[in-house]
Amino acid sequence: MSDVDLRKLRYFVAVAEHLHFGRAAEQLFIAQPVLSRQIRALEEELGAQLFARDRRGTALTAAGEQLLADARPLLAAAEALQRRVIRAVEGTQRFTVGFMPGLIVTAAVRMLTERHPGLTVDLVRTDWFDQVEVVHDGRVDVSVVRLPVDPHGLVVRPLYTEPRVVVLPADHRLAGKDAVAVGDLADEHLLQDPDTVPEWSAVATELRTDRPAVPVFHSVEEKLEHVAAGRGIMFLPLSVMTFYTRPDIAYVPVPDLAPLQVSLAWSSARPVPLAEEFAALAAQ
């Protein structure tokens with residue numbers, strides 16, 4: 001079997017994510033017949049059928065599912081390699097930190113730059129969906145993350161914990177309370193995955209009936225808009241809510257919710273100079 005062409009892998013991932021050759025070709029800015037030929041060539045190189053195609057559409061085969069799982073980290077590693085080589089050519093001393101909304105890294109960044117004159121520290125804002133992805137694809141050297149995350153390919157160092165609060169519409173019956181118990185929220189509609197709040201799941205009324213569908217949110221701002229509109233409640237870290245204060249929502253502490261773990265993550269597949277030092281500073 002010949003070496004796998006990374007370009008063909010990128011083409012494969014695009015088709016696998018869209019499950020549609022036409023839309024994948026548009027994303028890749030190539031003609032659909034060219035894309036089809038490249039996928040056929042990849043299948044011949046691997047000796048496996050990657051897609052099942054019929055009049056109903058396109059689906060991944062078992063081999064395709066396996067290749068997709070392996071291709072994503074491989075492509076991310078290749079992109080990270082390119083970024084590191086470019087950095088070496090430029091001869092610049094850079095250290096890039098990813099951080100989520102509400103997580104303040106200013107003090108640790110200042111201490112690191114004081115210890116290493118000439119070091120440039122860049123910052124990249126992340127979110128729940130990409131807080132680890134930015135490590136794997138090389139956009140950041142380290143990422144301040146909220147657990148849980150998939151630890152595969154990562155070094156994860158605990159930093160501290162932070163309490164969670166319930167986010168309510170400003171006119172909610174419990175808004176303004178000093179604190180509420182999880183049981184007080186049993187009859188509410190939760191606008192997030194119940195598995196992330198097992199304490200609430202244990203008492204939730206809606207989980208014993210037909211739970212209403214929950215939209216897919218892509219930002220904290222979207223989540224808060226839905227809460228403000230009275231469509232449900234959410235549990236978020238306290239630091240997020242202090243960052244996003246607004247008059248049409250209220251947040252109330254929930255003491256019987258387990259706190260969230262904040263950690264620092266970096267790649268275990270390559271050396272990350274200064275990662276351990278930054279972790280020690282951030283833990284302060």
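Only a predicted model underlies this, so the values are computations on that prediction, with no experimental measurement involved.
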Problem set entry | Flag side-chain contact, heavy atom, 4.5 Å: Glu43 against Ile39 | yes
For this session: In sequence, state the C-alpha distance, the side-chain angles, and the governing distance for Glu17 and Arg72, and then conclude on salt bridge (Lys or Arg N to Asp or Glu O under 4.0 Å).
Result: CA-CA 11 Å; Glu17 290 178 341; Arg72 282 171 168 154; 3.2 Å; yes
Seminar exercise, completed: d(Tyr160 OH, Gln261 CD) to nearest 0.5 Å is 9.5 Å
Problem set entry | Side chain Arg157, main chain Ala275, donor-acceptor under 3.5 Å | no
Exercise. Got a second to check how far Arg53's CZ is from Thr61's OG1, nearest 0.5 Å?
Worked result: 9.5 Å
Exercise. Can you list every pair that meets ring pair (Phe, Tyr, Trp, His ring centres under 6.0 Å) and has a residue in residues 34-63, with sequence neighbours left out?
Worked result: Phe12-Phe51, Phe21-Phe51
Exercise. How about Leu168 and Arg173: do any of their side-chain heavy atoms sit closer than 4.5 Å?
Worked result: no
Exercise. Taking only residues at least two apart or on different chains, which pairs with a member in residues 234-244 satisfy side-chain hydrogen bond (donor to acceptor under 3.5 Å, both in side chains)?
Worked result: Arg125-Tyr244, Arg146-Ser239, Glu162-Ser239, Glu221-Tyr244
Problem set entry | Validation row: Arg115, Leu281 side chains within 4.5 angstrom (heavy atoms) | yes
Exercise. When you measure from the side chain of Ser267 to the backbone N and O of Leu154, does any donor-acceptor pair fall under 3.5 Å?
Worked result: no
Exercise. Which atom names give the shortest non-hydrogen contact between Trp200 and Glu188, and what distance separates them?
Worked result: CZ2-O, 3.4 Å
Exercise. Is it true that a side-chain atom of Glu206 and a backbone atom of Arg211 form a donor plus acceptor pair closer than 3.5 Å?
Worked result: no
Exercise. Is there a donor-acceptor pair closer than 3.5 Å between any side-chain N or O of Asp127 and the backbone N or O of Phe129?
Worked result: no
For this session: Kindly check if the number of other-residue, nucleotide or ligand heavy atoms within 6.0 Å of CG (Leu147) is above 12?
Result: yes
Exercise. How far does CE of Met234 sit from CZ of Phe217, to the nearest 0.5 angstrom?
Worked result: 5.5 Å
Exercise. Any chain of hydrophobic side-chain contacts (each under 4.5 Å) joining Leu74 to Leu46?
Worked result: yes
For this session: Write down the atom of Ala228, the atom of Arg246, and the distance for their closest heavy-atom approach.
Result: CB-NH2, 3.9 Å
Problem set entry | Val252 versus Ala175, closest heavy-atom pair with distance | CG2-CA, 4.5 Å
Exercise. At what distance, to the nearest 0.5 angstrom, does CG of Leu75 lie from CG of Asp70?
Worked result: 11.0 Å
Exercise. Same cluster or not: are Val197 and Val214 linked, directly or through other Ile, Leu, Val, Met, Phe, Trp or Tyr residues, by side-chain heavy atoms under 4.5 angstrom apart?
Worked result: no
Problem set entry | Salt bridge Arg231-Glu225, side-chain N to carboxylate O under 4.0 Å | no
Exercise. Got Leu224 and Met241 here, is their nearest side-chain heavy-atom distance under 4.5 Å?
Worked result: yes
Exercise. Are Ile233 and Leu174 joined in one hydrophobic group, where the rule is that I, L, V, M, F, W and Y side chains link up if heavy atoms are under 4.5 Å apart?
Worked result: yes
For this session: Indicate, with yes or no, if Val240 and Val227 share a hydrophobic cluster defined by side-chain heavy-atom contacts under 4.5 Å among Ile, Leu, Val, Met, Phe, Trp and Tyr.
Result: yes
Exercise. With side chains defined as the heavy atoms from C-beta onward, is the minimum distance between Asp130 and Arg139 less than 4.5 Å?
Worked result: yes
For this session: Take Gln93 and His116 through the side-chain hydrogen bond (donor to acceptor under 3.5 Å, both in side chains) test and state the conclusion after the steps.
Result: CA-CA 10 Å; Gln93 278 191 298; His116 299 273; over 6 Å; no
Problem set entry | Residue pair Leu103 / Phe243, side-chain heavy-atom distance below 4.5 Å | no
Exercise. Any donor and acceptor pair, going by atom type alone, linking the side chain of Thr126 with main-chain N or O of Gly98 inside 3.5 Å?
Worked result: no
Exercise. Is Phe99 reachable from Leu274 through a run of I, L, V, M, F, W or Y residues, each pair having side-chain heavy atoms under 4.5 Å apart?
Worked result: yes
Exercise. Just by distance, do the side chain of Thr96 and the backbone of Leu123 share a donor-acceptor pair under 3.5 Å?
Worked result: no
Exercise. In terms of heavy-atom contacts, does CG of Asp210 have more than 12 from other residues, nucleotides or ligands at under 6.0 Å?
Worked result: no
Exercise. Do Val135 and Val140 have side-chain heavy atoms sitting under 4.5 Å apart?
Worked result: yes
Problem set entry | Side-chain donor or acceptor of Asp195 paired with backbone N/O of Pro198 under 3.5 Å | no
Problem set entry | Student check: side-chain heavy atoms of Val254 and Arg164 closer than 4.5 Å | no
Problem set entry | Pairs flagged by ring pair (Phe, Tyr, Trp, His ring centres under 6.0 Å) wherever residues 258-284 is involved - sequence neighbours left out | Phe95-Phe278
Exercise. Is the backbone of Pro194 close enough, under 3.5 Å, to the side chain of Ser201 for a donor and an acceptor to pair up by distance?
Worked result: yes
Exercise. Would a distance-only check, ignoring hydrogens and angles, find a side-chain to backbone donor-acceptor pair under 3.5 Å from Asp256 to Val182?
Worked result: yes
